[in-house]
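Any value given below was found using the heavy atoms of this structure, including those in side chains, with hydrogens, waters and symmetry copies removed.
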Amino acid sequence: MVHHSKSGSKAARDSLRYEMLAAGCSTADIAVEMRARWRMRPREAWRHAHGWTLQETADRISDHSSSRPGPGGAVAADASLVGKWEKWPGPSSRRPSLTVLLMTAEVFGCQVEDLLDLEDRRSLPESDLRILQHTVAPVGEPAPPMVAPTTQPAVPEGPELVRVAAEESATWARWAETSNVGDLALEQLTADTRALAHDYLFQDPVAVFTRTRALRDQVFALLEGRQYPRQTADLYMAAGYLCGLLAWMSSDFGRLQEAETQGRTAWLCAELADQDGLRAWVLSTRSKVAFWDGRMKDAITHARRGTAHADDGTVGVLLACQEADAWSQLGAADEARTALARASDARDRQGVDHIAGVFSCPEFRRANYATAVLLRTGDPAHAVREAQQALSDEMLHSYGTRSQMLIAQASAYLALGEPEGAAQALRPVLELPPEQRLEPVTRRIRELADAMARSRMANSASAAVLQSEAEAFCMESVPRRIALSPGTAGP
């Protein structure tokens with residue numbers, strides 16, 4: 001009896017494939033994992049292990065068969081036929097001939113027996129089984145090519161040999177020059193990515209996440225097709241920035257494990273694109289995820305590795321700020337101040353950012369990090385001055401960065417024994433709409449409330465009000481809404 005179960009979604013299959021490739025796994029390893037995880041038939045698992053659609057597989061089989069006809073002649077495949085071959089021996093399927101199996105194995109780069117499971121063997125005709133039994137090599141020996149008991153086509157000779165060789169080269173050239181994406185489309189992908197990185201700073205974060213995911217899927221689909229090598233590199237770069245953006249958002253939603261997965265995929269794309277600027281931004285993103293996950297040493301390591309790849313733009317400023325932030329959280333004041341000084345130096349020689357938005361570090365963002373670091377390293381008065389100077393700027397800033405700056409300013413006032421100043425600084429943050437209350441903001445609000453509860457003002461009316469407002473603020477937040485969404489567990 002043939003068992004069927006719903007295979008993993010395309011996004012899940014792609015994520016698994018990229019993760020296993022990054023870990024050094026072979027295509028055969030990926031096919032085995034997909035079969036075990038989603039109970040796929042072997043031929044379907046090998047196709048998904050390569051990341052090919054049904055039509056792409058059909059085209060490859062047809063092209064390969066036309067250039068190297070098998071014993072049963074050339075195979076003309078289409079998407080529907082490949083799907084039926086994969087389903088066999090289930091309902092609405094078609095049994096693949098030995099010629100088809102041979103061509104498919106050569107296209108996938110595997111042995112014919114890799115494409116057959118026990119159900120296939122039970123359903124194969126005895127004649128086919130006998131041929132298989134004679135062609136399977138002993139363990140440890142290479143398997144000889146599987147051939148049907150028919151005469152192979154004669155090899156052309158003389159002028160015909162030269163003509164056939166020329167036709168084969170021409171066929172390959174036609175395949176090689178095809179592309180599923182043009183330069184204008186690549187420019188539009190970059191423009192759309194820039195828009196998403198900018199919009200995330202000011203618009204509904206969940207809506208921007210949804211748009212980013214959709215654009216990433218478009219890029220992944222293009223990468224499954226055929227394009228020039230330089231276009232492939234550009235697509236990998238776009239995929240890297242989009243996965244990096246999804247990683248950044250996921251951590252802001254409080255989903256750190258998912259953020260780390262997105263970060264690993266973004267790093268794979270940066271490696272495949274061989275682009276240092278993208279590598280630096282991906283490592284900055286991974287440093288952020290590690291920081292909010294409490295892995296300060298990892299945050300420092302990622303930031304330092306990113307600095308080695310920082311070639312232009314403001315990423316060097318952000319990486320130095322992130323290193324300072326992690327050092328200050330560990331209580332290493334000297335190391336934090338040194339990193340903060342490097343951020344100021346990097347600011348003086350910064351260039352233009354390729355994507356900008358989230359992937360940029362303007363002066364206001366640097367000042368936000370500086371305020372938090374100064375506060376943690378025991379200089380609240382300097383932290384207040386840094387925050388006041390930055391907040392006096394009339395430019396429009398990200399609501400997330402501005403909120404964290406105000407929370408740091410409020411914490412500094414609290415450390416200076418000025419609860420009124422703290423309450424005034426905090427008021428705009430507590431008025432944020434629920435759809436803008438991201439994890440970094442809600443966590444810092446809780447930290448401030450806890451600090452007040454431990455201070456000499458713990459029994460004051462101000463402390464009681466802050467505790468109550470902080471609790472209400474965090475109850476209506478993006479991380480909580482996502483946690484309570486259908487299909488997820490509550491807190």
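- With hydrogens and angles ignored, the 3.5 Å screen pairs no side-chain donor or acceptor of D252 with any backbone N or O of L438.
- D293 places no side-chain N or O within 3.5 Å of a backbone atom of R295 that could act as its donor or acceptor partner.
- In this model, no donor atom of one side chain and acceptor atom of the other lie less than 3.5 Å apart for D325 and Q329.
- Between the side chain of N368 and the backbone N or O of M405, at least one donor-acceptor pair lies under 3.5 Å.
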Could you give me the CA-CA distance, side-chain angles and deciding distance for V478 and T442, then say whether side chain to side chain contact (heavy atoms under 4.5 Å, CB included) is met? CA-CA 9 Å; V478 175; T442 58; over 6 Å; no
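- Considering only heavy atoms from C-beta on, C25 stays 4.5 Å or farther from E33 through its side chain.
- When side chains are defined from C-beta on, R41 does not count as touching K87, because their heavy atoms never get closer than 4.5 Å.
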Dump the intermediate steps for side chain to side chain contact (heavy atoms under 4.5 Å, CB included) on R402 and L391, then the final yes or no. CA-CA 8 Å; R402 185 171 183 272; L391 290 165; 4.2 Å; yes
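- Donor-acceptor pairing under 3.5 Å is lacking for the side chains of T314 and Q350.
- The shortest non-hydrogen separation linking G240 to A266 is O-CB, 3.5 Å.
- Side-chain contact between R443 and W292 is present, with heavy atoms from C-beta onward closer than 4.5 Å.
- A pairwise comparison of heavy atoms in G225 and E56 identifies CA-OE2, 3.1 Å as the closest pair.
- L242 contributes atom CG, which lies 11.5 Å from atom CZ of R211 (distance to the nearest 0.5 angstrom).
- The closest side-chain heavy-atom distance from F108 to T57 is below 4.5 Å.
- Scanning both residues, V441 and G400, for their nearest heavy atoms gives CG2-O, 4.2 Å.
- Between L426 and L406, the closest side-chain pair of non-hydrogen atoms is not below 4.5 Å.
- Interatomic distance, L201 CG to R365 CZ, rounded to the nearest 0.5 Å: 7.0 Å.
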Does the pair L245 and I355 meet the rule for a side chain to side chain contact (heavy atoms under 4.5 Å, CB included), with working shown? CA-CA 11 Å; L245 187 52; I355 297 297; over 6 Å; no
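- Taking 4.0 Å as the cut-off between side-chain N and carboxylate O, D298 and R286 do not count as a salt-bridged pair.
- Results of the salt bridge (charged side-chain N to carboxylate O under 4.0 Å, His left out) test with E224 over R47, R13, K10 single out K10 as the only residue that passes.
- Put simply, the side chain of L396 reaches to within 4.5 Å of the side chain of F202, judged on heavy atoms.
- Put simply, CD on E420 and CG on L414 are 11.0 Å apart, with the number rounded to the nearest 0.5 Å.
- With values rounded to the nearest 0.5 angstrom, F220 atom CZ is found 7.5 Å from L223 atom CG.
- Looking only at distances, no side-chain donor or acceptor of R216 sits under 3.5 Å from a matching main-chain atom of C243.
- Atom CZ of R376 has more than 12 heavy atoms from other residues, nucleotides or ligands within 6.0 Å.
- With a 4.5 Å cut-off on side-chain heavy atoms, W327 and T377 do not count as touching.
- Judged by distance alone, the side chain of E323 and the main-chain N or O of R304 form no donor-acceptor pair under 3.5 Å.
- S360 places no side-chain N or O within 3.5 Å of a backbone atom of P362 that could act as its donor or acceptor partner.
- In terms of modelled atom types and a separation under 3.5 Å, the side chain of R37 and the main chain of L16 share no donor-acceptor contact.
- Taking the centre and axis of the six-membered ring of W52, the NZ or CZ atom of R60 falls inside the cone set by 45° and 6.0 Å.
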Salt bridge (charged side-chain N to carboxylate O under 4.0 Å, His left out) evaluation trace for R347 with E363: CA-CA 8 Å; R347 174 188 53 181; E363 174 58 17; 2.9 Å; yes
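- Screening E271, H354, H309, M237 for a side-chain contact (heavy atoms from CB on, under 4.5 Å) involving L278 leaves a single residue, M237.
- Atom CD of Q436 and atom OG of S398 lie 9.0 Å apart (nearest 0.5 Å).
- Using a distance-only test at 3.5 Å, with no hydrogens or angles considered, no donor-acceptor pair links the side chain of R444 to the main chain of A408.
- Checked by atom type, the side-chain pair S26/D29 shows a donor-acceptor distance below 3.5 Å.
- When all heavy atoms of G263 and V282 are compared, the closest pair comes out as O-CG1, 3.7 Å.
- In this structure, the side chain of S15 does not engage the main chain of A11 through any donor-acceptor pair within 3.5 Å.
- Shortest non-hydrogen contact noted between A299 and S287 is O-OG, 2.8 Å.
- No side-chain donor-acceptor contact under 3.5 Å links Q409 and T371.
- Around the CD atom of Q424, the shell of radius 6.0 Å holds no more than 12 heavy atoms that belong to other residues, nucleotides or ligands.
- Shown here is E447, whose CD atom has more than 12 heavy atoms of other residues, nucleotides or ligands within 6.0 Å.
- Salt bridge R366/E386: present, at least one basic N to carboxylate O contact under 4.0 Å.
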Side chain to side chain contact (heavy atoms under 4.5 Å, CB included), that's the test. Do L318 and W281 meet it? Break it down for me. CA-CA 9 Å; L318 183 57; W281 281 114; 3.5 Å; yes
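- Ring orientation note: the planes of H397 and F364 are close to parallel, at an angle under 30° on the 30°/60° scale.
- Salt bridge status for R342 with D345: absent, with no side-chain N to carboxylate O gap under 4.0 Å.
- Rounding to the nearest 0.5 angstrom, the gap separating the CG atom in L222 from the CD atom in Q218 is 7.5 Å.
- With a 6.0 Å radius and a threshold of 12 heavy atoms from other residues, nucleotides or ligands, E471 has its CD atom at or below the threshold.
- Here the options are D312, L319, V317, the test is side-chain contact (heavy atoms from CB on, under 4.5 Å), and the partner is V315; only L319 passes.
- Without hydrogens or angle criteria, D204 side chain to V206 main chain gives a donor-acceptor distance under 3.5 Å.
- Look at R427 and E469 and you find a salt bridge, because one of the NZ, NE, NH1 or NH2 atoms lies within 4.0 Å of a carboxylate O, short of that distance.
- In this structure, T285 and H302 have side chains that are not in contact, with every pair of non-hydrogen atoms separated by 4.5 Å or more.
- The pair D311-R279 fails the salt-bridge criterion, with no side-chain N (NZ, NE, NH1 or NH2) lying under 4.0 Å from an Asp/Glu carboxylate O.
- Aromatic ring orientation, F359 versus Y241: perpendicular (interplanar angle above 60°, classes split at 30° and 60°).
- Of the residues W267, Y18, Y236, the one that meets the side-chain contact (heavy atoms from CB on, under 4.5 Å) test with L272 is Y236.
- For the pair W248 and S284, the tightest heavy-atom approach, listed with the atom from each and the gap, is CZ3-OG, 4.2 Å.
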